[in-house]
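The structure under discussion appears below in the form of structure tokens.
Proteins get letters first, then strands, A, B, ... in listed order; numbering begins at 1 in each. Predicted model only: the values in this text are computed from it and were never measured.
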2 protein chains.
Amino acid sequence: MKKIIPTETRKQEIFATSAKLFKEKGYSAVTMRDLAQTLGIKAASLYNHIHSKQEILSHIILSIAEEFTEGMTQILNSKESSIQKLKKIIILHVEITSNNSNGMASLNNDWMHLEEKQDYYLELRLNYEDNFRSIIKQGIASNELKAVDPDVTLFSILSTLRSLYLWIPKKEEINKDVLAGNLGEVLLDGINK
Amino acid sequence: MKKIIPTETRKQEIFATSAKLFKEKGYSAVTMRDLAQTLGIKAASLYNHIHSKQEILSHIILSIAEEFTEGMTQILNSKESSIQKLKKIIILHVEITSNNSNGMASLNNDWMHLEEKQDYYLELRLNYEDNFRSIIKQGIASNELKAVDPDVTLFSILSTLRSLYLWIPKKEEINKDVLAGNLGEVLLDGINK
DNA sequence: GTCTATAAATCGATAGAC
DNA sequence: GTCTATCGATTTATAGAC
């Protein structure tokens with residue numbers, strides 16, 4: 001009796017496996033044969049589930065980007081201190097990265113290989129950074145944060161949060177809340193005694 | 001009269017142009033024809049100066065990696081406080097990244113496409129991280145630094161420093177010393193008032 | 001839903017003229 | 001030192017049998 005996998009499940013499996021391979025070698029270096037072989041099928045069979053390699057990349061990156069956009073919107077609408085908003089942003093990154101660390105690699109490193117959807121992705125990213133920066137500026141204005149160059153602060157925190165995908169998979173034993181807490185300490189309070 | 005470019009100069013030009021293209025699209029997505037066209041010659045002509053595409057990547061990444069190794073050795077040998085050593089590491093990253101931000105992109109994102117030299121690169125990187133971590137641990141032991149998880153601290157600072165290549169090219173008006181100073185404030189003292 | 005076979009384009013690299 | 005021409009391998013994607 002032949003094992004039949006429903007298309008929708010197979011499609012999710014293709015996205016997940018692709019993200020894993022894209023993280024290891026990057027979008028351009030992963031061939032449809034690599035992907036098929038990892039899934040235990042032939043390359044041609046992939047096209048019964050997806051239309052193109054580009055569609056895979058598009059789905060991986062944009063689904064995460066929209067998740068970040070949604071999270072940022074909720075944080076902006078919450079009536080809390082700037083420090084609390086920054087902590088919520090840290091939690092947002094830990095949460096999304098924990099659930100999809102492979103996809104985060106594509107979002108960080110392979111967005112430039114997006115074709116039709118690249119402009120849309122860049123728009124989401126720019127808006128996200130603008131909102132992030134506005135929270136930092138608000139924190140400085142309300143005297144919660146030190147008056148360091150907001151761009152340096154944004155760059156520093158965001159660089160760390162964007163690199164979480166490299167680090168979280170190696171720290172599986174650690175609790176997400178503990179990690180977010182430690183990151184909040186280091187990123188907000190510093191390490192100098 | 002024909003313009004003749006000495007091979008050694010041309011070779012440096014090939015390395016520099018490759019690093020620029022590798023930063024934009026990644027090693028795998030840049031073809032020898034892309035590279036040649038940017039240089040205004042034909043692809044076949046490249047092979048009068050270099051032996052393979054792999055040789056280009058190898059040179060770009062390993063020359064920088066060895067620069068970091070050398071810098072770290074000097075910092076380790078300096079008899080200073082842990083805080084001062086950390087500040088020197090920040091300066092080292094700002095310095096190297098300012099001089100070669102395109103190459104830093106390859107070092108960060110394309111090291112997995114190294115072939116013969118990959119093990120050597122990974123050895124240099126691992127040693128660098130071990131030395132970095134030992135400075136942090138020493139700082140905690142001597143009561144200079146807060147007793148946060150050393151791995152979280154290492155990850156956070158190193159993520160920011162490794163991302164400098166994305167940011168420095170956009171901030172050309174800024175002085176390197178000012179940038180290193182601001183980064184030291186944010187990374188070491190935090191932003192919370 | 002998966003397969004074999006193959007199309008059409010592109011890849012890194014080489015040979016040899018100038 | 002650069003060129004034209006080309007090789008052999010590999011790429012994404014399609015057609016059609018089962």
Side-chain angles (χ1 to χ4, degrees), chain A residues 1-22 24-61 106 110-118, chain B residues 1-22 24-61 106 110-118:
Chain A
M1 185 172 142
K2 210 166 181 182
K3 186 167 152 193
I4 298 197
I5 298 178
T7 297
E8 275 311 310
T9 304
R10 190 57 130 175
K11 197 167 181 175
Q12 295 306 315
E13 199 182 359
I14 289 173
F15 288 144
T17 304
S18 297
K20 178 172 173 290
L21 296 183
F22 290 170
E24 290 171 5
K25 305 200 296 175
Y27 174 75
S28 303
V30 175
T31 71
M32 297 302 271
R33 285 171 180 79
D34 291 335
L35 175 56
Q37 195 171 28
T38 306
L39 288 164
I41 58 178
K42 297 292 177 183
S45 305
L46 290 169
Y47 293 89
N48 253 292
H49 309 282
I50 47 99
H51 297 93
S52 66
K53 192 185 175 188
Q54 177 67 201
E55 180 195 341
I56 301 176
L57 183 69
S58 237
H59 178 270
I60 290 173
I61 293 180
S106 298
D110 282 323
W111 61 266
M112 73 284 285
H113 298 119
L114 287 173
E115 293 166 7
E116 296 87 17
K117 300 291 184 63
Q118 182 173 143
Chain B
M1 185 172 143
K2 212 167 181 180
K3 187 166 150 192
I4 298 197
I5 298 179
T7 296
E8 275 311 309
T9 304
R10 189 57 129 177
K11 197 168 181 176
Q12 294 306 316
E13 198 182 1
I14 289 173
F15 289 144
T17 304
S18 295
K20 179 172 173 289
L21 296 183
F22 290 169
E24 289 171 5
K25 306 201 296 176
Y27 174 75
S28 302
V30 174
T31 71
M32 297 303 272
R33 286 168 179 80
D34 291 335
L35 174 56
Q37 194 170 29
T38 306
L39 288 164
I41 59 178
K42 297 293 176 183
S45 305
L46 290 169
Y47 292 89
N48 253 292
H49 309 281
I50 49 100
H51 297 94
S52 67
K53 192 185 175 187
Q54 176 69 200
E55 180 195 341
I56 301 176
L57 183 69
S58 238
H59 178 271
I60 290 173
I61 293 181
S106 297
D110 282 321
W111 61 266
M112 72 285 284
H113 299 118
L114 286 173
E115 293 166 6
E116 296 88 16
K117 301 290 184 67
Q118 182 174 143

Atom CD of A/Gln54 and atom P of D/dT11 are separated, to the nearest Å, by 18 Å
Return the value, rounded to whole Å, for the distance between atom CD1 of A/Ile41 and atom C1' of C/dC3.
11 Å
For A/Lys11, I'd like to know if atom NZ has over 12 heavy atoms of other residues, nucleotides or ligands within 6.0 Å.
yes
Parallel, tilted or perpendicular: which one describes the rings of B/Phe15 and B/His59, with boundaries at 30° and 60°?
parallel
Length of the line joining A/Ile50:CD1 and D/dA13:P, which is rounded to integer Å
7 Å
Verify the contact: side-chain N or O of A/Ser45 to OP1 or OP2 of C/dC3, cut-off strictly under 4.0 Å; return yes or no.
yes
Whole-Å gap separating P (D/dT12) and CD (A/Gln37)
13 Å
A side-chain contact here means heavy atoms from C-beta on lying under 4.5 Å apart; do A/Val30 and A/Ser18 qualify?
no
Taking atom P of D/dT12 as reference, at what distance in whole Å does atom NE2 of A/His51 sit?
18 Å
What I want to check is whether an N or O donor and acceptor connect the side chain of B/Arg33 with the base of C/dG12 at under 3.5 Å.
yes
Distance check needed: D/dC3 C1' versus B/His49 NE2, whole Å only.
12 Å
Without decimals, in angstroms, what is the distance between B/Glu55 CD and C/dG12 P?
15 Å
Short side-chain N/O contact from B/Tyr47 to OP1 or OP2 of C/dA13, under 4.0 Å
yes
Measuring to OP1 and OP2 of D/dC3, would you say a side-chain N or O of B/Lys42 lies under 4.0 angstrom away?
no
Taking atom CD of A/Gln12 as the centre, does the number of heavy atoms from other residues, nucleotides or ligands within less than 6.0 Å exceed 12?
yes
Please report, rounded to the nearest Å, how far the C1' atom of C/dT10 is from the CE atom of A/Met32.
17 Å
